[in-house]
**Student:** 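This is the structure I have questions about; it appears just below.
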Amino acid sequence: QVQLVESGGGLVQAGGSLRLSCAASGTIFSINLMGWYRQAPVKQRELVATITGDGRTNYADSVKGRFTISRDYAKNTVYLQMNSLKPEDTAVYYCNADVRLDWGSKAVGYWGQGTQVTVSS
């Protein structure tokens, strides 16, 4: 099985910064896409940022220029550096990874348990 464990959430004032981490562990052959999503109360889960196996990144318009996604391929870990945080960034942030368990298998999406980010005004 595969586990994704997130860390780094918390409470921060508007304009502040946080860095989220997500480490994947278990029976992993390879990971292509890794990313961060978030879900605010009474809203649907939305994409924040993704990074591919060859380092291509994609960001939601609402976070471009403020958030940076990066990855440590050796550690199967993805990071999200969040700067200039706004109250509207408040949400539970979830890590996602497309994992192949062995050479012949298709990639399967796994989710972390989520980490709360709260930005006060």
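Computed from a predicted model, the values in this text were never measured in an experiment.
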**Student:** Take M82 and L20 through the side chain to side chain contact (heavy atoms under 4.5 Å, CB included) test and state the conclusion after the steps.
**Tutor:** CA-CA 8 Å; M82 304 186 293; L20 305 183; 3.7 Å; yes
**Student:** Roughly how far, to the nearest 0.5 Å, is OG1 of T27 from CG of L101?
**Tutor:**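 If I round to the nearest 0.5 Å, the distance is 6.5 Å.
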**Student:** Show the nearest heavy-atom pair for residues I31 and A24, with the distance to one decimal.
**Tutor:**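 Here I31 and A24 meet closest at CD1-CB, 3.9 Å.
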**Student:** In chain order, what residues pass the side chain to side chain donor-acceptor pair (under 3.5 Å) check against Q116, with sequence neighbours excluded?
**Tutor:**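 Scan of Q116 (side chain to side chain donor-acceptor pair (under 3.5 Å), adjacent residues dropped) gives T118.
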**Student:** For S62, enumerate each residue passing the side chain to side chain donor-acceptor pair (under 3.5 Å) test, keeping only those at least two apart in sequence or located in another chain.
**Tutor:**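 With neighbours one apart ignored, the set is R38.
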**Student:** Rounded to the nearest 0.5 Å, how far apart are OG of S121 and NZ of K86?
**Tutor:**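 Answer for the OG-NZ pair, S121 versus K86, is 14.0 Å.
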**Student:** Which heavy-atom pair separates N32 from G53 by the least distance, and what is that distance?
**Tutor:**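 Closest pair (atom of N32, atom of G53, distance): OD1-N, 2.9 Å.
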**Student:** Per the side chain to side chain donor-acceptor pair (under 3.5 Å) rule, what does the pair list look like for residues 66-79, sequence neighbours excluded?
**Tutor:**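 Sorted result for residues 66-79: R66-D89.
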**Student:** List for me each residue that meets side-chain contact (heavy atoms from CB on, under 4.5 Å) alongside I69, sequence neighbours excluded, and say none if there are none.
**Tutor:**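 For I69, the residues satisfying side-chain contact (heavy atoms from CB on, under 4.5 Å) (neighbours in sequence not counted) are W36, A49, I51, T57, Y59, V78, L80.
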**Student:** My understanding is that only residues two or more places apart in sequence, or in another chain, count here; which of them pass side-chain contact (heavy atoms from CB on, under 4.5 Å) with S7?
**Tutor:**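 side-chain contact (heavy atoms from CB on, under 4.5 Å) list for S7, sorted by chain: S21.
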**Student:** Test side chain to side chain contact (heavy atoms under 4.5 Å, CB included) on V108 and V99 and set out the steps.
**Tutor:** CA-CA 5 Å; V108 175; V99 179; 5.7 Å; no
**Student:** Using 0.5 Å steps for rounding, measure from the CG atom of D102 to the CZ atom of F29.
**Tutor:**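 It is 7.5 Å, given to the nearest 0.5 Å.
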**Student:** Does the N96 side chain pair with the main chain of Y110, one donor and one acceptor, at a distance under 3.5 Å?
**Tutor:**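 A pair under 3.5 Å: yes.
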**Student:** Using the side chain to side chain donor-acceptor pair (under 3.5 Å) criterion, which residues pair with K43? Sequence neighbours excluded.
**Tutor:**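 Applying side chain to side chain donor-acceptor pair (under 3.5 Å) to K43 gives none.
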**Student:** Give the other cluster members for Y94, using side-chain heavy-atom distances under 4.5 Å between Ile, Leu, Val, Met, Phe, Trp and Tyr residues; answer none if it is isolated.
**Tutor:**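 So far as hydrophobic clustering goes, Y94 is joined with Y37, L47, V92, W111.
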**Student:** Roughly how far, to the nearest 0.5 Å, is CD of Q13 from OG of S120?
**Tutor:**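 That separation rounds to 5.0 Å.
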**Student:** For D61, check salt bridge (Lys or Arg N to Asp or Glu O under 4.0 Å) against everything at least two apart and list the hits.
**Tutor:**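 So D61 forms a salt bridge (Lys or Arg N to Asp or Glu O under 4.0 Å) with K64.
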**Student:** Within the side chain of Q1, is there an N or O that forms a donor-acceptor pair under 3.5 Å with the backbone of G26?
**Tutor:**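 Looks like no, no N/O pair under 3.5 Å.
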**Student:** May I ask you to list the residues sharing a hydrophobic cluster with L33, side-chain cutoff 4.5 Å, ordered by chain and number?
**Tutor:**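 Other cluster members: none.
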**Student:** Excluding sequence neighbours, so at least two apart, what forms side-chain contact (heavy atoms from CB on, under 4.5 Å) with D54?
**Tutor:**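 In terms of side-chain contact (heavy atoms from CB on, under 4.5 Å), with neighbours along the sequence ignored, D54 is linked to T52, R56.
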**Student:** By salt bridge (Lys or Arg N to Asp or Glu O under 4.0 Å), which residues pair with R19, not counting sequence neighbours?
**Tutor:**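 Counting only residues at least two positions away or on another chain, R19 forms no salt bridge (Lys or Arg N to Asp or Glu O under 4.0 Å).
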**Student:** Looking at every heavy atom in both G114 and E6, which two are closest together, and how far apart are they?
**Tutor:**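 Nearest heavy atoms, G114 then E6: N-OE1, 2.6 Å.
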**Student:** Residues two or more places apart in sequence or in another chain: which of them pass side-chain contact (heavy atoms from CB on, under 4.5 Å) with S17?
**Tutor:**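 For S17 the side-chain contact (heavy atoms from CB on, under 4.5 Å) partners, ignoring immediate neighbours, are Q81, N83.
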